[in-house]
Every structure is written in structure tokens, then in C-alpha cells.
Amino acid sequence: MKLIGIEEHFITFAVRDAWNAIALEAIDPSVAFHAGAIGKRLLDLAEDRLALMDETGLDVQVLSLTTPMLHDLGSESVDLARRTNDALAAAIARHPNRFQALATLPVTMPEEAALELERCMKVLGFKGTMLCGKVGACNLDNPNLWPIFASAESLGAPILLHPRTPEMAVRAAYYSGFTPEVDAAFSTYAIGWHYDAGIQFLRLVLAGAFDRMPDLQVILGHWGELVLFYAERLAAMDHVSGLFHPLATYLRQNLYVTASGMFSPTYLRRAVEIVGTDRILFSTDYPYQYRVGRDARRFLEQAPLTEQDKLKFANGNWERLTGQVTASAINEAASNVERALI
């Protein structure tokens with residue numbers, strides 16, 4: 001069973017240099033996480049990465065530039081995004097059966113970002129794009145950014161909405177007062193940036209983005225960035241939201257969720273309960289969540305799913321979402337799996 005990880009990250013020297021040029025680490029402590037062994041793995045798009053994919057049991061990585069991407073850069077991000085995507089396309093050409101890609105966009109220049117997404121989808125053959133939280137002072141529901149979402153909808157390009165570090169005022173109010181190391185962890189990978197990503201998705205819902213663009217598809221990592229675990233409570237807003245549908249409808253029509261290396265059967269069951277088996281995607285969050293011992297493949301094998309739903313989770317849902325196969329082809333493959341087990 002082919003196993004595709006849809007949230008697998010990389011970086012380039014040029015992006016790292018651009019971050020250093022604006023002293024981004026002083027603003028966003030997550031920049032420091034991309035150093036040492038993690039940094040080396042992020043930079044590698046060749047044999048070492050492939051070897052670790054083989055070790056964990058992952059057949060394909062869908063590559064995306066790591067957070068905070070180009071969200072803090074200005075007009076220079078247009079050329080940098082193009083060069084980053086071209087480099088990624090070259091890596092895919094070297095290993096076409098092992099790599100796919102999500103486009104890097106110059107999000108502070110929304111019109112240019114929409115054009116670059118179109119180039120990546122139509123010319124480079126990418127599968128979607130990734131955004132990571134606020135763009136400057138703008139939340140993602142800001143109308144200035146809607147050209148990006150409109151382009152994604154028209155192109156059938158799913159958007160992986162990745163966490164990023166909350167702004168300084170939020171960190172000072174809620175995530176400070178301990179050691180610098182604890183403050184940084186608390187505000188980022190412990191919980192801070194997961195709240196941030198979940199809130200950005202909910203803002204898109206409440207702003208009517210999916211009413212205006214009903215075919216737009218968003219992916220949340222880490223089993224829904226806390227949103228799924230409060231789905232019932234969030235539904236209480238239905239009587240005041242003024243939206244076309246109950247919030248639960250958007251969770252089942254516009255949202256996919258992925259594991260991001262959090263290999264928890266409990267979280268998987270919750271995701272299936274809320275969004276269904278047709279909207280769960282596999283991912284390992286490489287290199288951040290990489291663990292030795294055939295970790296990814298073992299989680300798939302032991303997942304509390306039928307063989308048919310394991311096939312959807314492993315590759316079928318992603319390939320249907322990105323137009324690589326049809327729903328009927330997935331069902332036929334699933335039937336073959338079931339027959340093989342009889």
C-alpha cells in the first residue's frame with residue numbers, strides 16, 4: 001500500500017539567508033528550530049532524505065517550505081518564491097516517484113502570489129500550496145489576501161494551513177514568564193502555534209470564505225489544530241454566524257485533516273468522527289517528527305480502520321483531492337485490497 005506523507009518540509013540556503021537578512025529569529029523563535037541535525041535534513045532533497053523515508057516506510061513526500069515561509073518578506077519574495085519552486089521542481093524531476101510539492105508563494109504580494117500558484121500548478125505540476133498564519137498584520141481572512149484563495153479554488157489547489165508562531169504581543173500575554181526555552185516551546189510546538197492555525201481556519205469560515213468559494217479546500221495538520229476537539233462547542237455559533245451552513249458542514253465539505261506525525265489512534269478516531277474517512281490524510285511532519293523504527297508504516301498498519309479506509313488514508317484521499325485518481329478508481333483499488341485479504 002503506497003504511503004504518501006503530505007506535510008513534509010524542506011528549506012533552501014537562499015530562504016535561510018533571506019530570514020537572516022531581516023533578523024527574523026529575533027521576531028520568530030521558531031527560526032532557531034531549523035538548525036543542527038534538523039537543519040541538515042531540511043536542506044537535503046536527495047539520498048539521505050530518501051533513506052530516512054525508506055526507513056520509516058514512507059513512499060512519497062509532498063514537500064513544502066518550512067514555517068514561517070516567506071510571510072515576513074516584502075517584494076523580494078516574488079523572485080525568491082519563483083527560485084524556490086524551480087529548485088523544488090528540479091528535485092522532483094530527479095525523483096519523480098518519491099517527491100511531490102506544495103507551492104511556495106510571495107504572500108505579501110497577493111496578486112503575484114496568485115500568478116505564481118497558477119504557474120506552479122499548470123507548468124510545474126505541483127499539487128497545491130501552503131500558508132502559515134498571519135501575513136504581516138493581516139489575518140488570512142483579510143480581503144486583501146483573497147486573490148490567493150480565489151486562485152486556489154479555481155485551480156483546484158488545496159491549501160495546507162500550517163502553524164506559525166503567534167505575534168509578540170500574544171506571546172507576551174499568554175506564553176511568557178518562564179525560561180526563554182520554555183517560553184519558546186510553549187508559544188510554538190507545545191500549543192501556541194496550533195491555536196494560531198486553528199483560529200486562522202475558523203476566521204476563514206466565519207468570514208464567509210467558503211460561502212464565497214465553496215470549492216476551496218483547506219488542510220489542517222496535527223489532527224485539525226484543536227478545531228476538531230471543540231467542534232460541538234464551536235457549533236454553538238451557528239445561531240449568530242449568519243453563514244449559509246452550520247459550521248459542521250464546512251468541516252465535512254471544505255476541510256481535510258492530517259496526522260503531522262502525531263500517530264495517535266485516539267486522535268484518528270476523533271478525526272474520522274468529525275470529518276469522515278474520505279477527509280483524512282497521512283503525514284509525518286518530516287524532519288521534525290521523524291522517529292526511527294518504521295514508525296509511519298507501523299501506524300498505518302495498526303490504525304483502527306478497515307483495509308478500505310486504510311487505503312484512503314495512505315494515498316487515496318490525497319490522490320483524489322489532487323486529481324491524480326478518481327473516486328471510482330479508489331473504490332476499485334479498495335475492493336481489490338478486500339478481495340486479497342479473503
Side-chain angles (χ1 to χ4, degrees), residues 5-46 48-49 52-53 56 58 60-73 77 80-89 91-92 99-108 113 116 120 126-135 140 158-166 184-185 187-190 192-194 196-197 200 219-222 225 258-262 281 283-291:
I6 68 101
E7 185 191 339
E8 320 300 327
H9 300 301
F10 77 100
I11 200 171
T12 68
F13 287 109
V15 169
R16 197 170 65 180
D17 290 344
W19 290 349
N20 291 337
I22 62 170
L24 187 56
E25 187 175 339
I27 302 170
D28 186 340
S30 73
V31 173
F33 303 160
H34 312 321
I38 293 293
K40 182 179 179 181
R41 289 174 178 172
L42 284 167
L43 287 164
D44 176 64
L45 292 175
D48 288 346
R49 181 181 289 254
L52 293 182
M53 289 169 60
T56 200
L58 197 66
V60 179
Q61 282 192 351
V62 183
L63 300 165
S64 53
L65 180 64
T66 194
T67 186
M69 301 186 74
L70 309 184
H71 283 229
D72 298 280
L73 303 177
S77 65
L80 183 56
R82 190 178 186 91
R83 288 188 286 124
T84 302
N85 291 324
D86 287 344
L88 202 50
I92 294 169
F99 295 147
Q100 298 176 18
L102 299 178
T104 299
L105 301 181
V107 290
T108 57
E116 179 61 10
C120 287
F126 287 8
K127 304 305 179 184
T129 189
M130 190 177 96
L131 303 177
C132 57
K134 293 180 71 173
V135 179
L140 291 181
I159 298 175
L160 173 60
L161 182 50
H162 193 276
R164 74 159 300 171
T165 308
S187 66
T188 56
Y189 57 79
W193 65 19
H194 304 296
D196 190 77
Q200 292 300 321
I219 304 165
L220 285 177
H222 308 95
E225 307 295 3
T258 185
S260 306
M262 296 172 63
L281 304 169
S283 62
T284 75
D285 199 10
Y286 180 89
Y288 305 103
Q289 296 287 345
Y290 170 75
R291 296 173 291 267

Does [Y] offer a backbone N or O that forms a donor-acceptor pair with the side chain of [X] under 3.5 Å?
{"X": "Ser260", "Y": "Asp285", "result": "no"}
{"X": "Thr56", "Y": "Met53", "result": "no"}
{"X": "His34", "Y": "Thr67", "result": "yes"}
{"X": "His222", "Y": "Ala259", "result": "no"}
{"X": "Trp19", "Y": "Met69", "result": "yes"}
{"X": "His162", "Y": "Met130", "result": "no"}

Do you know the tightest heavy-atom contact between [X] and [Y]?
{"X": "Leu73", "Y": "Thr108", "value": "O-OG1, 2.8 Å"}
{"X": "Leu65", "Y": "His9", "value": "O-ND1, 4.3 Å"}
{"X": "Pro163", "Y": "Trp193", "value": "CB-O, 3.2 Å"}
{"X": "Leu220", "Y": "Ala197", "value": "CD2-O, 4.1 Å"}
{"X": "Pro287", "Y": "Arg41", "value": "CB-CB, 3.8 Å"}
{"X": "Ala81", "Y": "Thr104", "value": "CB-O, 3.6 Å"}

Measure the spacing between [atom1] of [X] and [atom2] of [Y] and express it to the nearest 0.5 Å.
{"X": "Leu102", "Y": "Asn85", "atom1": "CG", "atom2": "CG", "answer": "10.0 Å"}
{"X": "Tyr189", "Y": "Thr165", "atom1": "OH", "atom2": "OG1", "answer": "11.0 Å"}
{"X": "Ile11", "Y": "Ser64", "atom1": "CD1", "atom2": "OG", "answer": "11.5 Å"}
{"X": "Leu131", "Y": "Ile219", "atom1": "CG", "atom2": "CD1", "answer": "11.0 Å"}
{"X": "Arg82", "Y": "Ser77", "atom1": "CZ", "atom2": "OG", "answer": "13.5 Å"}

Close side-chain approach of [X] to [Y], heavy-atom, < 4.5 Å:
{"X": "Leu43", "Y": "Arg16", "answer": "yes"}
{"X": "Asp48", "Y": "Leu52", "answer": "no"}
{"X": "Leu88", "Y": "Leu45", "answer": "yes"}
{"X": "His71", "Y": "Lys134", "answer": "no"}
{"X": "Phe10", "Y": "Thr84", "answer": "yes"}

Q) Does the pair Leu105 and Leu70 meet the rule for a side chain to side chain contact (heavy atoms under 4.5 Å, CB included), with working shown? A) CA-CA 7 Å; Leu105 301 181; Leu70 309 184; over 6 Å; no
Q. Of the options Asp72, Thr188, Asp196, which is the one that meets Arg164 in a side chain to side chain donor-acceptor pair (under 3.5 Å)?
A. Asp72
(Q) If we check side chain to side chain donor-acceptor pair (under 3.5 Å) with Thr284, which of these qualifies: Gln289, Gln61, Glu8? (A) Glu8
**Q.** Pair Tyr288, Thr66: side-chain N/O donor-acceptor within cut-off below 3.5 Å
**A.** yes
